[in-house]
Amino acid sequence: MPEITLFGWFHTVIGIVAILAGVYSLIKFKVIGWDHPTSKIYLVCTFLAATSALGIYHATGSFNPAHGLAVLTLLALAGGRIAEATSIFGGFSKYLQATAYSATFLFHMIPAITDGLRRLPVDDPIVTTQEDPLLRGFYLAFLITYLVGLTLQILWLRKQPN
């Protein structure tokens, strides 16, 4: 893999801040929402990470699955914010918000583990291709974690007063 650029470092650091804020928000508040300060940090940093990923696409000249996930992240952020800020979806809004914002977390983790394992250790990366079974195992684990986490959020939301 090519060396990481200063812009790449910005993208990576913003992504790490987002993930840490997202984990904290999910543990403390059970859902990610604009009204919690750490959730707001998560959402803003996630937006910056996704848009900077598209900037990395522009710099490399090739579109790959990570860039597709960046586009999905931006769509999920927009959908989650619309669901949170309006009543357009009625009683389903809080569930759509949880689904969309939690999906952004999944979308963070897939390129993060892929890039991390393809870069580290520097002289002998753990994986060399995206088809590596170890990566596929991580992808499956992240998907299962997302589905379990989303189910727990939905159950928690159902217990909350309207």
### Message
Once you measure the plane-to-plane angle for H108 and F105, does it fall in the parallel (<30°), tilted (30-60°) or perpendicular (>60°) bin?
### Response
perpendicular
#### Entry: L72 reachable from L147 in the ILVMFWY side-chain graph, under 4.5 Å edges
yes
### Matching residue for V23 among I27, L20, L26 - test: side chain to side chain contact (heavy atoms under 4.5 Å, CB included)
I27
### Summary
When every non-hydrogen atom of E84 is compared with those of D35, the smallest separation belongs to OE2-N, 4.0 Å
### Query
Tell me, do Y139 and L106 make a side-chain contact under 4.5 Å, heavy atoms counted?
no
### Query
With a 4.5 Å heavy-atom cut-off, do E131 and R136 have their side chains touching?
yes
### Task
For the residue pair Y24 and F29, categorise the inter-ring angle as parallel (less than 30°), tilted (30 to 60°) or perpendicular (more than 60°).
perpendicular
### Message
Is any side-chain heavy atom of L43 closer than 4.5 Å to one of W34?
### Response
yes
#### Entry: Verify same cluster id: I88, L96 (apolar side-chain graph, 4.5 Å)
yes
#### Entry: Close side-chain approach of V31 and S25, heavy atoms under 4.5 Å
no
### Message
Under the criterion side chain to side chain contact (heavy atoms under 4.5 Å, CB included), I'd like the reasoning laid out for Q153 against T99: C-alpha separation, chi angles, the key distance, then a yes or no.
### Response
CA-CA 9 Å; Q153 287 179 71; T99 301; over 6 Å; no
## Note on the structure
Looking only at heavy atoms, the pair that brings P65 and Q130 closest together is CG-NE2, 4.4 Å
### Linked, directly or transitively: L77 and I16 (ILVMFWY side chains, under 4.5 Å)
no
### Query
Going through the distances and angles, do Y42 and T104 end up as a side chain to side chain donor-acceptor pair (under 3.5 Å)?
CA-CA 10 Å; Y42 170 77; T104 64; 2.7 Å; yes
#### Entry: Nearest-0.5 Å distance, CG of residue L75 to CG of residue L69
11.5 Å
## Note on the structure
In this structure, CG of L140 is separated from OG1 of T145 (nearest 0.5 Å) by 9.0 Å
### Message
Quick check for you: to the nearest 0.5 Å, what is the distance between I154 atom CD1 and K159 atom NZ?
### Response
13.5 Å
### Query
Take atom CZ in F47; do more than 12 heavy atoms of anything else shown fall under 6.0 Å from it?
no
#### Entry: Backbone N/O of A83 and side chain of T86: donor-acceptor pair under 3.5 Å
no
#### Entry: T38 to A21 - nearest heavy-atom pair and separation
O-CB, 3.5 Å
### Query
If two hydrophobic side chains count as joined below 4.5 Å and joins carry through other members, does W156 share a cluster with I32?
yes
### Summary
The reported gap from CG in L74 to OG1 in T46 (rounded to nearest 0.5 angstrom) is 10.0 Å
### Task
Taking all heavy atoms of Y146 and all of A103, pick out the closest pair and write down the distance.
CE1-N, 3.4 Å
### Query
Just wondering, more than 12 heavy atoms not from L6 lying within 6.0 Å of its CG?
no
### Query
Which pair of non-hydrogen atoms, one from A100 and one from G79, has the smallest distance, and what is that distance?
CB-C, 4.4 Å
### Summary
Minimal heavy-atom distance between S52 and H11, with the atoms involved, is OG-ND1, 2.7 Å
### Query
Are I110 and L117 connected in the hydrophobic side-chain network, where two residues link if heavy atoms are under 4.5 Å apart?
yes
### Query
Any side-chain heavy atom of K94 sitting closer than 4.5 Å to one from F89?
no
### Task
Would you mind reporting whether L157 and K30 have side-chain heavy atoms less than 4.5 Å apart?
no
#### Entry: From SG (C45) to NZ (K40), nearest 0.5 Å
13.0 Å
### Summary
In this structure, CD1 of I113 is separated from CG of L135 (nearest 0.5 Å) by 7.5 Å
